[in-house]
Amino acid sequence: MTVKDMVYAALFAAVTAALGLLPMVVVPMVAAPITAQSLGVMLAGGILGAKRGALALAVFTALAAAGLPLYAGGRGGIGLFLGPTGGFALGYVLGAFLTGWLTERMWSRLNAVKAFVAGVAGGIGMVYLLGIPWLGAVARIGLHKAFIGSMVFLPGDLLKAALAAVIVVAIKKAYPIIGK
Amino acid sequence: MFEICLSRVTWLHRVPAGIKLSVLAVAGAAVFLTDDRRVLAGLVGFAFSLPLLAWLPLRPLARQVLPAAVLIAALVVFHLALGDADSAVLVAARLSTVILLAVTLTLTTRASAMVEAMERILAPLRFVGVSPAKAGFTLSLAIRFIPVLFAITGEIREAQKVRGLERSVVAVALPLLVRTLRMADDLSEAIAARAYDGD
């Protein structure tokens, strides 16, 4: 782990934390608030790449576990990782890795569509892949119902992936980190 | 420093973080591994009495517990509606135990003490190339970056207001990320220039 790895990881851990401290968007007709936090997963992976992106989310996760109120709505503490939403928290770290890995693979010809695919695969696919079975098992509601319940967040997450894609492509032009 | 830990010190604050983490780990594992109602009842009783015995103020406790409590209540109603009383009892007992113990730990343990305890737990990772000192440094750096990010965001929004762009997410996010990435590079060089090797 170089000094640069550490500083970049710390920066995007802070970005993810700051996104969770932003006011939540309460969408009418949808019960759960939509927060900007998972944008941090897609940005960390898409801008820093696999290793540093995963490290950034691991740092964020460790800080939240240590008891800083970094998750959306001022929540934090180790309970978030033991309760029904623990799988989503784990999914953040591996999701940032997957988004970063895919972005690195497509780096030389990255465009908004490819960046969107990488963001969706990591920030949505991987996060849900770990979060939904965990929710189903811990809450004893089964995979199917956990899946249906989580679909509330899909539209917001797709919107965030689109936003992340635009930002990742623009940062690649303005201040590329991957491949430097 | 902003953190969830209560500033008013209780006797639970004085218990070392490592011991509290061990109790949480053992109770958390036990509650998911057993179906025995007597063991579960004991663990639930322990989890509910601990915050009371420490005289934790109710308001911050409720603030941390409430989102989980709403979810647990919804799950109980869901299981009862399907006529599955066993699942309702198990889910309520398991989740309320884990959440209450974890929130009690978080409310009575300084983040710095938790980080130190985690550094000790992660110490064996030294053999696969992760240095606890480096991890601690990275965590501190991230905490320091959070207020910096908000300050820079404020400056950029001021600047974009002149252009009528202060509500555009991209027009604020891009300069913010470029500026902070450049800052990160400068900081890396400054750290390297002081011959920091991480240990």
Side-chain angles (χ1 to χ4, degrees), chain A residues 1-19 21-22 36 39 43 47-48 55-56 58-60 62-63 65-70 73-86 137-141 145 149 163 166-167 170-171 174-177 180, chain B residues 2-5 21 24 28 32 63-64 67-68 71 75 78-79 87 90-91 94-95 98-99 101-103 105-106 109-111 114-115 118 129-131 134-135 137-139 141-146 148-150 153 169-170 173-174 177-178 180-185 187-188 191-192 196 198:
Chain A
M1 205 162 61
T2 67
V3 169
K4 227 162 206 174
D5 292 340
M6 293 157 63
V7 175
Y8 284 144
L11 176 62
F12 274 80
V15 167
T16 307
L19 287 168
L21 298 172
L22 289 180
L39 193 57
L43 288 179
I47 292 174
L48 299 183
L55 194 60
V59 168
F60 167 78
L63 286 177
L68 298 188
L70 299 185
R75 291 167 313 134
I78 205 150
L80 287 175
F81 306 94
L82 301 171
T85 53
V138 170
R140 292 174 71 91
I141 56 175
K145 300 227 166 52
L163 186 62
V166 171
I167 294 174
I171 292 291
Y175 204 86
I177 301 294
K180 197 171 70 171
Chain B
F2 77 109
E3 54 180 333
I4 300 171
C5 178
L21 266 174
L24 174 66
F32 278 100
R63 182 174 149 75
Q64 290 298 322
L71 184 59
L75 289 170
F78 171 83
H79 282 305
S87 285
L90 275 179
V91 166
R94 285 173 175 169
L95 293 183
V98 170
I99 300 292
L101 287 180
V103 167
L105 166 82
T106 304
T109 312
R110 297 225 153 277
M114 278 291 283
V115 170
M118 289 197 290
V130 179
S131 145
K134 276 186 177 177
F137 177 77
T138 312
L139 295 182
L141 199 56
I143 294 174
R144 186 64 194 89
F145 269 140
I146 297 171
V148 174
L149 278 170
F150 277 107
T153 307
V169 179
V170 175
L174 283 182
L177 287 170
V178 171
T180 51
L181 283 169
R182 190 169 290 147
M183 186 181 75
D185 283 341
L187 189 60
S188 301
I191 294 169
Y196 175 82

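Here is how names work: the chains are called A, B, and so on, in the same order as the sequence lines, proteins then strands, and each is numbered from 1. Being a predicted model, the structure only gives us computed values, none of them experimental. Both backbone and side-chain heavy atoms feed into the values below; hydrogens, waters and symmetry mates do not.
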Exercise for review: Using non-hydrogen atoms and a 4.5 Å limit, figure out which bit of A:Ala17 sits close to chain B: side chain, backbone, both or neither.
Suggested key: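 When you check distances to chain B, only side chain atoms of A:Ala17 fall under 4.5 Å.
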
Review point. Tell me, side chain or backbone of A:Leu55 under 4.5 Å from chain B's heavy atoms, or both, or neither?
Key: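 For A:Leu55, there is no contact with chain B at all, as no heavy atom is under 4.5 Å.
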
Point to revise | Exercise: identify the closest heavy-atom pair between B:Ser87 and A:Arg140 | key: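 Here B:Ser87 and A:Arg140 meet closest at OG-NE, 3.0 Å.
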
Point to revise | Partners meeting side chain to side chain contact (heavy atoms under 4.5 Å, CB included) with A:Ala14 (sequence neighbours left out) | key: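 Partners of A:Ala14 under the side chain to side chain contact (heavy atoms under 4.5 Å, CB included) test: B:Phe145, B:Ile146, B:Leu149.
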
Review point. How would you list, by chain and number, every residue that makes a side chain to side chain contact (heavy atoms under 4.5 Å, CB included) with B:Val103, sequence neighbours excluded?
Key: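 Partners of B:Val103 under the side chain to side chain contact (heavy atoms under 4.5 Å, CB included) test: B:Leu61, B:Gln64, B:Val65, B:Ile99, B:Leu107.
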
[X] versus chain A, the contacting section by heavy-atom distance below 4.5 Å:
X        : result
B:Leu75  : side chain
B:Thr106 : side chain
B:Ala184 : both
B:Leu21  : side chain
B:Leu95  : side chain

Practice item. Find the distance between OG (B:Ser188) and NZ (A:Lys4) and round it off to the nearest 0.5 Å. Key: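 These two atoms lie 5.5 Å from each other.
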
Review point. What's the spacing between A:Leu43 CG and B:Leu177 CG if we round to 0.5 Å?
Key: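 If I round to the nearest 0.5 Å, the distance is 6.5 Å.
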
Point to revise | Selection from B:Thr180, B:Leu187, B:Leu71, B:Val170 maximising heavy-atom pairs under 4.5 Å formed with chain A | key: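 Option with the top pair count is B:Thr180.
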
Check your understanding: Which of the residues B:Leu105, B:Val148, B:Leu24, B:Val115 is involved in the greatest number of heavy-atom pairs with chain A at under 4.5 angstrom?
Key ->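 The answer is B:Leu24.
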
